[in-house]
Asker: 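Structure incoming, see below.
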Number of protein chains: 2
Amino acid sequence: MTSDASPGVLSARLGYLLKHAQLRYARASARALEPLGLDGRDLAVLAVLAADVPLSQQEAADLLGVDRSTMVSLVDSLEARTLARRRRSPADRRKNIVQLTERGRTLLRRAERVREDAERRFLAPLPAAEADALLRALRTLAADPEPEPEADPGADPGSGSGSRGR
Amino acid sequence: MTSDASPGVLSARLGYLLKHAQLRYARASARALEPLGLDGRDLAVLAVLAADVPLSQQEAADLLGVDRSTMVSLVDSLEARTLARRRRSPADRRKNIVQLTERGRTLLRRAERVREDAERRFLAPLPAAEADALLRALRTLAADPEPEPEADPGADPGSGSGSRGR
DNA sequence: TATTGTTATACTCTATAACTATA
DNA sequence: TATAGTTATAGAGTATAACAATA
């Protein structure tokens with residue numbers, strides 16, 4: 001599991017730092033969620049499914065960034081614990097609408113508190129300003145590359161209007 | 001491969017942000033290193049092996065945070081490309097000393113420049129101060145939990161001595 | 001007995017391909 | 001024909017266990 005190793009030449013590398021920060025947080029949050037019988041992945045699925053609009057498996061999979069075949073086992077697992085259930089969409093009978101059960105919603109609320117706590121503890125060693133900057137930076141870096149104005153062939157031949165997307 | 005998905009509820013979660021920042025960087029650096037026939041892992045191994053002291057496989061494995069059985073294939077792979085070679089340690093014939101070849105050292109130098117460039121490009125969207133803060137924060141978070149002043153022995157008989165690596 | 005390198009094996013995670021039912 | 005869910009399967013990546021050589 002790539003447990004924490006001595007830094008040395010590696011500690012200066014962005015790849016190493018990101019990977020190990022991620023691994024350390026994954027372990028910490030897994031430990032925190034364990035008493036609830038959840039892992040970080042489960043929690044992300046629950047959170048996505050808690051959206052006000054009911055989602056199909058495919059839609060949830062897209063939001064989570066996983067394949068629809070992977071989604072099957074994620075939902076299987078939640079359903080086995082009666083945290084969510086499938087129902088055939090009446091509008092389009094190919095689709096499974098996945099909804100949280102009352103139990104799922106309750107557990108989600110508890111788990112979110114646990115997660116927030118785990119995040120706080122994980123970031124505790126950082127000065128407040130640094131923690132803020134970290135989160136801001138990660139939001140930028142985790143997001144897609146900005147579409148980049150993209151000069152239209154034929155149109156807008158000169159200076160880009162600079163309208164930022166999204 | 002958990003390709004970039006829509007943010008939504010997930011974009012506020014530290015776990016999501018760390019994971020996706022890491023994934024995006026891993027892809028970017030892999031792309032940059034590809035023309036050299038290396039991936040990020042190869043490069044980390046080369047960098048570790050380039051240390052002034054010659055390392056055994058076990059020692060390199062410890063530095064990289066991988067199992068010694070995993071190290072076998074990493075070295076196999078470098079050796080197949082004549083970037084490194086094994087030699088039996090005369091001092092302890094159980095050990096394989098792994099050394100970079102001239103070719104390995106040359107490639108490492110080139111690859112390090114490529115990696116630095118990739119890091120720079122990856123961090124480019126961040127304001128300089130934010131990039132600095134990010135690196136500082138990651139160094140703190142990627143490292144082991146701070147030994148913590150450690151009160152006297154004789155006290156604290158119960159609470160877990162965390163799982164120590166091996 | 002303990003350690004190093006090696007091999008074989010297993011486990012986790014996830015994607016791809018093919019199948020079924022719907023559209 | 002195309003899409004959603006499902007299943008079977010395969011590929012990374014990595015760890016554990018057992019074994020031989022050496023200490």
Side-chain angles (χ1 to χ4, degrees), chain A residues 1-5 15-16 19-20 22-23 26-27 30 34 38-45 48-49 54-80 84-99, chain B residues 1-5 15-16 19-20 22-23 26-27 29-30 34 38-45 49 54-80 84-99 163-166:
Chain A
M1 193 203 258
T2 318
S3 66
D4 310 293
Y16 177 91
K19 177 172 173 183
H20 284 255
Q22 196 262 316
L23 273 171
R27 283 194 290 262
E34 195 178 24
L38 293 177
D39 60 24
R41 166 52 60 94
D42 290 327
L43 177 50
V45 179
V48 161
L49 293 177
L55 298 175
S56 72
Q57 288 184 202
Q58 177 73 74
E59 289 159 346
D62 289 345
L63 287 172
L64 289 163
V66 301
D67 191 82
R68 67 190 205 268
S69 64
T70 302
M71 196 69 209
V72 172
S73 29
L74 292 175
V75 175
D76 281 350
S77 156
L78 294 185
E79 204 169 38
R85 64 173 162 260
R86 295 164 155 102
R87 57 167 249 262
R88 222 71 206 186
S89 165
D92 183 342
R93 292 175 39 68
R94 292 171 301 182
K95 294 187 179 178
N96 278 346
I97 301 303
V98 189
Q99 283 179 309
Chain B
M1 192 204 260
T2 318
S3 65
D4 310 294
Y16 177 90
K19 177 173 173 184
H20 284 256
Q22 195 263 316
L23 274 172
R27 283 195 290 261
S29 69
E34 196 177 24
L38 293 177
D39 60 24
R41 167 51 59 94
D42 291 326
L43 176 51
V45 180
L49 293 177
L55 298 174
S56 72
Q57 289 185 202
Q58 177 73 74
E59 289 159 347
D62 289 345
L63 288 171
L64 289 163
V66 301
D67 191 82
R68 65 189 205 272
S69 64
T70 302
M71 196 68 211
V72 173
S73 27
L74 292 175
V75 175
D76 281 350
S77 157
L78 294 184
E79 205 169 38
R85 64 175 161 260
R86 297 164 154 102
R87 56 168 250 263
R88 221 72 203 183
S89 164
D92 182 342
R93 293 177 34 70
R94 291 171 303 183
K95 294 186 177 178
N96 278 348
I97 300 304
V98 189
Q99 284 180 309
S163 61
R164 254 307 77 96
R166 140 188 345 199

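We name chains A, B, ... by the order of the sequence lines, and we start the count at 1 in each one.
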Asker: I'd like a table of atom pairs between the protein and nucleotides 17-21 of chain D - only N or O on both sides, under 3.5 Å - with the distance next to each one.
Answerer:
none

Asker: Tell me: NZ of B:K19 to C1' of C:dT14, nearest whole Å?
Answerer: 10 Å

Asker: So, taking the atom named NZ in B:K95 and the one named CD in B:E59, what distance separates them when rounded to the nearest 0.5 Å?
Answerer: 5.0 Å

Asker: Round to the nearest Å and state the distance from B:D62 atom CG to C:dG5 atom C1'.
Answerer: 13 Å

Asker: Apply side-chain contact (heavy atoms from CB on, under 4.5 Å) to residues A:V98 and A:R85 and explain how you reach the verdict.
Answerer: CA-CA 6 Å; A:V98 189; A:R85 64 173 162 260; over 6 Å; no

Asker: Tell me, please, which residues at least two apart from B:Q22 pass side-chain contact (heavy atoms from CB on, under 4.5 Å).
Answerer: A:L18, A:K19, A:Q22, B:A26

Asker: For B:N96 and C:dT3, what is the distance between atoms CG and C1' respectively, to the nearest whole Å?
Answerer: 13 Å

Asker: Of the listed nucleotides (D:dG5, C:dT6, D:dT14), which one gets closest to any side-chain atom of B:V72?
Answerer: C:dT6

Asker: Of B:K95 and B:D76, whose nearest nucleotide on DNA chain C comes first from the 5' end?
Answerer: B:K95

Asker: Provide, to the nearest angstrom, the distance between the CG atom belonging to B:L23 and the P atom belonging to C:dA15.
Answerer: 10 Å

Asker: What's the closest nucleotide to the B:R86 side chain, out of C:dT6, D:dT14, C:dT4?
Answerer: C:dT6

Asker: Rounded to whole Å, how long is the line connecting atom CG of B:L74 with atom P of D:dT14?
Answerer: 8 Å

Asker: Report the residue (A:T70 or A:P90) whose heavy-atom-nearest nucleotide on DNA chain C is the more 5′ of the two.
Answerer: A:T70

Asker: Applying side-chain contact (heavy atoms from CB on, under 4.5 Å), name anything that partners A:R94, two or more places apart in sequence or on another chain.
Answerer: A:D92

Asker: For B:Q58 and C:dT6, give me the distance from atom CD to atom P, rounded to whole Å.
Answerer: 12 Å

Asker: Using only side-chain N and O atoms of A:Q57, determine if any of them is under 4.0 Å from OP1 or OP2 of D:dA4.
Answerer: no

Asker: With sequence neighbours excluded, what pairs up with B:E79 under the side-chain hydrogen bond (donor to acceptor under 3.5 Å, both in side chains) test?
Answerer: B:R86

Asker: To the nearest 0.5 Å, what is the distance between OH (A:Y16) and CG (B:L64)?
Answerer: 9.0 Å

Asker: Do we see a donor-acceptor contact under 3.5 Å between the side chains of A:N96 and A:R87?
Answerer: no

Asker: Axis-to-axis angle across the helix from C:dT1-D:dA23 to C:dA23-D:dT1, five pairs an end, to 10 degrees?
Answerer: 10°

Asker: The criterion is side-chain contact (heavy atoms from CB on, under 4.5 Å); which residues satisfy it with B:D42, sequence neighbours excluded?
Answerer: B:L38, B:D39, B:S77, B:L78, B:R81

Asker: Could you give the distance from OG (B:S56) to CE (B:M71), rounded to the nearest 0.5 Å?
Answerer: 9.0 Å

Asker: In whole Å, I'd like the distance from the CZ atom of A:R41 to the P atom of C:dT12.
Answerer: 15 Å

Asker: Contact class for B:S56 (heavy atom, under 4.0 Å): base, sugar-phosphate, or nothing?
Answerer: sugar-phosphate

Asker: Let me know the distance between CE of B:M71 and P of D:dT16, rounded to the nearest Å.
Answerer: 17 Å

